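Here the structure comes first, spelled out in structure tokens, and everything after it is commentary.
For clarity, every value in this text was computed on a predicted model and none was experimentally measured. Numbered from 1 within each chain, the chains take letters A, B, ... in sequence-line order.
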2 protein chains.
Amino acid sequence: MTTDRLSTIFAALADPTRRAILARLAEGDATVNELAEPFSISLPAISRHLKVLEHAGLITRSRTAQWRSSSLRAEPLREATAWMDRYRRFWDESFTRLDAHLQRIQSEEKKQ
Amino acid sequence: MTTDRLSTIFAALADPTRRAILARLAEGDATVNELAEPFSISLPAISRHLKVLEHAGLITRSRTAQWRSSSLRAEPLREATAWMDRYRRFWDESFTRLDAHLQRIQSEEKKQ
DNA sequence: TCGCTGTTTAACACCTTCGTTAATTAACGT
DNA sequence: ACGTTAATTAACGAAGGTGTTAAACAGCGA
């Protein structure tokens with residue numbers, strides 16, 4: 001149930017191991033072994049996580065010799081953020097103030 | 001596997017039906033029946049989606065008489081956005097410019 | 001070619017998620 | 001009390017995610 005892009009992105013982010021991998025990649029490209037090192041899970045498991053991230057567009061992969069290097073591609077996060085921004089006024093103070101300001105203007109316009 | 005807050009939030013957002021429900025709630029509170037109306041899935045299914053959203057803190061629920069009204073509580077989206085913001089420099093142009101600016105300042109400080 | 005290192009694929013188990021229908025609970029109105 | 005409306009819980013099945021170990025594949029280097 002679901003193959004839309006946003007769902008894929010959010011699903012990819014819904015795993016702490018994958019988020020940690022992204023965090024690691026933010027510091028620079030890394031091989032599968034390097035990425036696996038901090039975790040107590042097997043290499044095949046990491047390999048699958050990388051496949052999920054790649055499928056979501058959150059990483060790209062290149063190979064040199066027998067090493068496969070992953071690099072961060074955070075553009076999908078922009079999409080995700082863009083979606084969430086629709087709800088910003090429900091939490092963001094400055095947005096609330098802006099909203100109040102606009103309402104004030106509106107009600108003043110009505111008076112005239 | 002996983003009960004950390006951020007995972008719960010992202011997992012909740014990884015479903016298009018749930019995102020649509022949030023979109024609907026952005027226009028105002030609604031009962032379960034009202035929320036179910038646009039979808040071709042059963043009421044129990046909607047009821048569970050609401051439970052997922054509630055568990056993620058994305059909605060709160062109140063009851064009056066036999067109706068249970070849901071209302072949006074987007075604060076968790078702020079948390080999610082906050083997490084993603086760490087990667088903003090990987091996609092946002094203005095961030096790149098800011099980054100370049102900061103690096104310029106830093107390297108100039110080193111010269112002195 | 002052989003062996004080593006790095007990584008993926010295969011096969012399996014387990015648990016969770018998502019949907020269904022049927023039954024139950026809750027509160028209202030008569 | 002009874003029937004109706006609103007919503008949830010129960011019980012079940014299909015599908016998918018995550019992890020494991022063992023086997024396979026890929027590329028290097030002697």
Side-chain angles (χ1 to χ4, degrees), chain A residues 1-22 24-25 28-72 76, chain B residues 1-22 24-25 28-72 76:
Chain A
M1 205 271 154
T2 191
T3 329
D4 71 286
R5 185 155 177 65
L6 223 34
S7 296
T8 305
I9 295 167
F10 282 129
L13 296 175
D15 183 288
T17 302
R18 286 195 289 265
R19 289 200 307 278
I21 288 174
L22 294 179
R24 166 64 187 77
L25 290 177
D29 296 1
T31 66
V32 178
N33 263 302
E34 287 168 344
L35 290 172
E37 195 271 328
F39 303 104
S40 54
I41 61 178
S42 66
L43 230 56
I46 297 291
S47 192
R48 307 244 234 145
H49 280 307
L50 293 175
K51 190 167 288 181
V52 173
L53 289 171
E54 185 177 25
H55 187 239
L58 285 160
I59 64 172
T60 55
R61 318 185 69 185
S62 60
R63 74 191 311 163
T64 40
Q66 65 257 229
W67 294 277
R68 311 208 175 175
S69 174
S70 299
S71 67
L72 188 61
Chain B
M1 204 266 154
T2 192
T3 330
D4 72 285
R5 184 154 178 66
L6 224 33
S7 296
T8 305
I9 296 166
F10 282 129
L13 296 174
D15 183 288
T17 301
R18 285 195 290 266
R19 289 200 306 280
I21 288 174
L22 293 179
R24 166 63 187 79
L25 289 177
D29 297 2
T31 65
V32 178
N33 264 300
E34 287 168 345
L35 291 172
E37 195 271 328
F39 303 104
S40 53
I41 61 179
S42 65
L43 228 57
I46 297 291
S47 192
R48 282 155 163 293
H49 280 307
L50 292 176
K51 192 168 286 181
V52 172
L53 289 171
E54 184 176 27
H55 186 239
L58 285 160
I59 64 173
T60 56
R61 318 185 68 185
S62 61
R63 72 191 311 163
T64 39
Q66 65 258 229
W67 296 277
R68 313 207 174 175
S69 172
S70 298
S71 67
L72 188 60

Sequence neighbours excluded and cut-off under 3.5 Å, please list the side-chain donor-acceptor pairs for residues 29-40 of chain A, or say none.
{"unit_1": "A/Thr31", "atom_1": "OG1", "unit_2": "A/Glu34", "atom_2": "N", "d": "3.3"}
{"unit_1": "A/Glu34", "atom_1": "OE1", "unit_2": "A/Thr31", "atom_2": "N", "d": "2.8"}

Tabulate below the donor-acceptor pairs under 3.5 Å that side-chain atoms of residues 45-52 of chain B make, not counting sequence neighbours, or state none.
{"unit_1": "B/His49", "atom_1": "ND1", "unit_2": "B/Arg18", "atom_2": "NH1", "d": "3.1"}

Below 3.5 Å, can you tabulate the donor-acceptor pairs from side chains in residues 61-72 of chain A to any protein atom, sequence neighbours excluded?
{"unit_1": "A/Ser71", "atom_1": "OG", "unit_2": "A/Thr60", "atom_2": "OG1", "d": "3.0"}

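Closest non-hydrogen pair, B/Pro76 versus B/Gly57, comes out as CG-O, 3.3 Å. Nearest heavy atoms, A/Ala12 versus A/Ala56: CB-CB, 3.8 Å.
Looking at A/Leu6 and B/Leu13, their side chains never come closer than 4.5 Å, going by heavy atoms from C-beta outward.
Residue B/Glu37 contributes atom CD, which lies 17 Å from atom P of D/dT5 at whole-angstrom precision. The distance from atom CD1 of A/Ile41 to atom P of C/dT8 is 13 Å, rounded to the nearest whole Å. Atom pair B/Asp15:CG and D/dG17:C1' shows a separation of 15 Å (rounding to whole Å applied). Look at CZ on A/Phe39: it is 14 Å from C1' on D/dG19, rounded to the nearest Å.
Here B/Thr17 contributes atom OG1 and B/Ile41 contributes atom CD1; the two are 4.5 Å apart, rounded to the nearest 0.5 Å. Rounded to the nearest 0.5 Å, atoms CG (B/Leu25) and CG (B/Leu53) are 8.0 Å apart.
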For nucleotides 6-11 of chain D, list the nitrogen or oxygen atoms of the protein found under 3.5 Å from its nitrogen or oxygen atoms, one pair per line.
{"unit_1": "D/dA6", "atom_1": "O3'", "unit_2": "B/Gln66", "atom_2": "O", "d": "3.4"}
{"unit_1": "D/dA7", "atom_1": "OP1", "unit_2": "B/Val32", "atom_2": "N", "d": "3.3"}
{"unit_1": "D/dA7", "atom_1": "OP1", "unit_2": "B/Arg68", "atom_2": "N", "d": "3.2"}
{"unit_1": "D/dA7", "atom_1": "OP2", "unit_2": "B/Asn33", "atom_2": "N", "d": "2.9"}
{"unit_1": "D/dA7", "atom_1": "OP2", "unit_2": "B/Asn33", "atom_2": "ND2", "d": "2.6"}
{"unit_1": "D/dT8", "atom_1": "OP1", "unit_2": "B/Arg61", "atom_2": "NH1", "d": "3.0"}
{"unit_1": "D/dT8", "atom_1": "OP1", "unit_2": "B/Arg61", "atom_2": "NH2", "d": "2.8"}
{"unit_1": "D/dT8", "atom_1": "OP2", "unit_2": "B/Ser47", "atom_2": "OG", "d": "2.5"}
{"unit_1": "D/dT8", "atom_1": "O5'", "unit_2": "B/Ser47", "atom_2": "OG", "d": "3.2"}
{"unit_1": "D/dT9", "atom_1": "OP2", "unit_2": "B/Lys51", "atom_2": "NZ", "d": "2.4"}
{"unit_1": "D/dA11", "atom_1": "N6", "unit_2": "B/Arg48", "atom_2": "NH2", "d": "3.4"}

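OP1 or OP2 of D/dG19 has not a single side-chain nitrogen or oxygen of A/Ser42 nearer than 4.0 Å. Of the side-chain N and O atoms in A/His49, none sit less than 4.0 angstrom from OP1 or OP2 of D/dG17.
One axis for each end of the helix from C/dT1-D/dA30 to C/dT30-D/dA1, each built from five base pairs, and the angle between them comes to 10° at 10° resolution.
Side chain of A/Val52, nearest nucleotide from D/dT20, D/dG27, D/dT18: D/dT18.
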